[in-house]
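Take a look at the structure below.
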Amino acid sequence: MNWEENVRKVTPYVPGEQPDDINVIKLNTNECPYPPAPGIKEKAESFEYGRLRLYPDTEAGKLADALCEYYSIGPEQLFIGVGSDDVLAMAFLTFFNSGKPVFFPDITYSFYDVWAELYRIPYECKSLDEKFHIKKEDYKKENGGIIIPNPNAPTGLAEPLKALEDIIASNPGSVVIIDEAYVDFGGESCLPLIDKYDNLLVVQTFSKSRALAGLRIGFAMGNPRLIGYLKDAKFSFNSYTMNMLSVELGAEAVRNADYFKDTVNKIIATRERIKGELLELGFTFPDSKANFIFASHEKIPAKIIFQELRKRGIYVRYWEKPRIDNALRITIGTDEQMDVLIKNLKEIIEKE
Ligand SMILES: *Cc1c(COP(=O)(O)O)cnc(C)c1O
């Protein structure tokens, strides 16, 4: 017998590249191009380093208080984790145990199938329609759970709340997770529905709209019973997940609400301007409500554009996968970065 036969073998998620070269225009992982709220710098500088010898608050109390106030929810309706990836992984482990397949779209965040494989959860991918929208009837069949990102990634398309509510209401026997990583950029949050449906879990993150990918903060909001089960699983795994600095600085980020709104509005304005410029260059794309655009060119294959941009120090995301292998996911950067992108796209298109 070889020990390797008994290894839990998994094919890990492949994140976008994080180049060391600071001159790269990095439009490949949907980070915020602007710095975090200024209050965070002050908080970090005044942090009493001696405190680090102690374990952190298991409840991440300061951060939880700030989030509860901001979203008008109770502490028993909130779960905090190490980025929403941690929250989602914990939710898969906690809620998807029926043995029936979990449903999610065929074109979506490529971590969902990785968690399903890791935990040996059966799953079925439901194909988006030709315009990349979900077909809600697909989600009304017997299932072991549902996860849908809204807006979806990498398409950027948002679904109307009514369609999602219909899916949630049709599945009282399973937990429905709405992954709202991009909701602050123009989607409609399902948060108002958590009091109405005890099977709904809404998951958000500080990594995109709050410019704090490096701190690793994500959270879920839902019925107290759902949240209770999530906490039980988390505390059976590791009770000190949120480090002191994340709690302290994350709370400050939530309190800097005006800065957050300004940043998001700047990104939305840039996105809308760039949509126009991309159209003029012969690109088409679903109408994004996220901080990225999923664009295909009428003549030049996405792979060529991806490689050409890379040579010029501009990183975007490209997947060689069925249905999406002719599109580039371009994160919205600053106006200056996007002007450089457009200039280079023009040159590449003229040359090809
Ligand atoms: C970025 C992203 C996440 C994870 O973000 P964290 O950095 O782990 O909070 C989750 N879901 C989707 C759809 C994402 O794009």
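Each ligand, and each atom within it, is numbered from 1 in the order the structure gives. These values consider heavy atoms only, across backbone and side chains, with no hydrogens, waters or symmetry-generated copies.
- Checked against the 6.0 Å centroid criterion, the rings of F95 and Y229 do not qualify as a close aromatic pair.
- Ligand 1 lies nowhere less than 4.0 angstrom from a heavy atom belonging to F206.
- Near G83, meaning under 4.0 Å from any of its heavy atoms, are these atoms of ligand 1: 8 (O), 9 (O).
- Ring-plane geometry between Y13 and F111 is classed as parallel, the angle between the planes falling under 30 degrees on a 0 to 90 degree scale with a further cut at 60.
- Listed by number with element, the atoms of ligand 1 under 4.0 angstrom from any heavy atom of K208 are 1 (C), 2 (C), 3 (C), 4 (C), 5 (O), 14 (C), 15 (O).
- Distances shorter than 4.0 angstrom occur between a heavy atom of D179 and an atom of ligand 1.
- Scanning the protein heavy atoms around atom 5 (O) of ligand 1, the nearest turns out to be S84 OG, 3.2 Å.
- Near S207, the atoms of ligand 1 lying under 4.0 angstrom from a non-hydrogen atom of the residue are 6 (P), 7 (O), 9 (O).
- Not one N or O of Y109 is nearer than 3.5 Å to an N or O of ligand 1, by distance alone.
- Relative orientation of the F104 and Y123 rings is parallel, given thresholds of 30° and 60° on the angle between their planes.
- A 4.5 Å side-chain heavy-atom check between D106 and R323 finds at least one atom pair inside the cut-off.
- What sits closest to atom 15 (O) of ligand 1 on the protein, heavy atoms only, is Y182 OH, 2.5 Å.
- For F292 and Y182, the gap between ring centers is short of 6.0 Å.
- Y71 and F219 have their aromatic ring centers within a separation under 6.0 angstrom.
- Checked by distance only, ligand 1 and T205 come closer than 3.5 Å through their nitrogen or oxygen atoms.
- The hydrophobic cluster containing F92 also contains V10, counting ILVMFWY residues as joined when their side-chain heavy atoms lie under 4.5 angstrom apart, directly or transitively.
- The distance from ligand 1 to the heavy atoms of R216 drops below 4.0 Å at these ligand atoms: 6 (P), 7 (O), 8 (O).
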